Amino acid sequence: MCGIVGYIGGREAGHILMEGLKRLEYRGYDSAGVALINGAGLDIRRCKGKLYALECELAERPTTGTVGIGHTRWATHGRPSEQNAHPHRVGNVAVVHNGIIENYAVLKKELIAAGSTFASETDTEVIAHLIDHHMKAGRDFETALRETMARLKGTYAIVAVCA
Ligand code: GLU
């Protein structure tokens, strides 16, 4: 039961995402993170623990961008850690996810056999890999997202961005 939030518009996304995450903080205290798109591509900040830790990280290492996604985690797959914190990134794609991907183990095996390397213990990371995989096969982001969702089993919500 995580909190997920996304913003696209003309304003700086960082504050808007943090405001959204504060309203959703009760949904998960294991970690928090944001991914913003700016001139450098995807810029990700993630911290284990409560949202306050992410606020401190952003104060120390600020970032900018008018497109972004954010997450507060209640872990279901993989212990609470920075490594397992969302957003999960593969290439130019970052994903935040609420819920459980029931067939993640089968998908993960398939993706590893196809050459993917996983950086976390979460079920979520298969989503980012699948989108990346479809994009490498020539799909645009939206098509890759649709094709990815057609493979996922479970009850879930996601927000994904592509830099
Ligand atoms: N299954 C994801 C994870 O463990 C999301 C958890 C949730 O929705 O609470 O990171």
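Counting starts at 1 for both ligands and their atoms, following the listed order. Fair warning: this is a prediction, and the values are worked out from it, not measured in the lab.
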Of D123, I100, N98, the one whose closest heavy atom lies nearest atom 2 (C) of ligand 1 is D123
Before signing off on this row, confirm whether W74 and ligand 1 have an N or O atom pair separated by under 3.5 Å. yes
Contact (N/O only, under 3.5 Å) between T122 and ligand 1: no
Between E55 and R45, does at least one N-O distance fall below 4.0 Å, as a salt bridge requires? no
Got an N/O contact under 3.5 Å between A75 and ligand 1? no
Side chain to side chain donor-acceptor pair (under 3.5 Å) partner of H71, the single match among R46, H86, R27: H86
Please say whether H71 places an N or O atom under 3.5 Å from an N or O atom belonging to ligand 1. no
Do we see a donor-acceptor contact under 3.5 Å between the side chains of E125 and H129? yes
heavy-atom search around atom 8 (O) of ligand 1 in the protein gives G99 N, 2.7 Å
E147 with R139: basic N within carboxylate O range, under 4.0 Å: yes
Between V67 and V161, does a side-chain contact (heavy atoms from CB on, under 4.5 Å) hold up when you go through it step by step? CA-CA 8 Å; V67 179; V161 286; 4.1 Å; yes
Check whether the side chains of N38 and T63 place a donor and an acceptor atom closer than 3.5 Å, and report yes or no. yes
Looking only at protein heavy atoms, which one is nearest to atom 7 (C) of ligand 1, and how far off is it? C2 SG, 2.7 Å
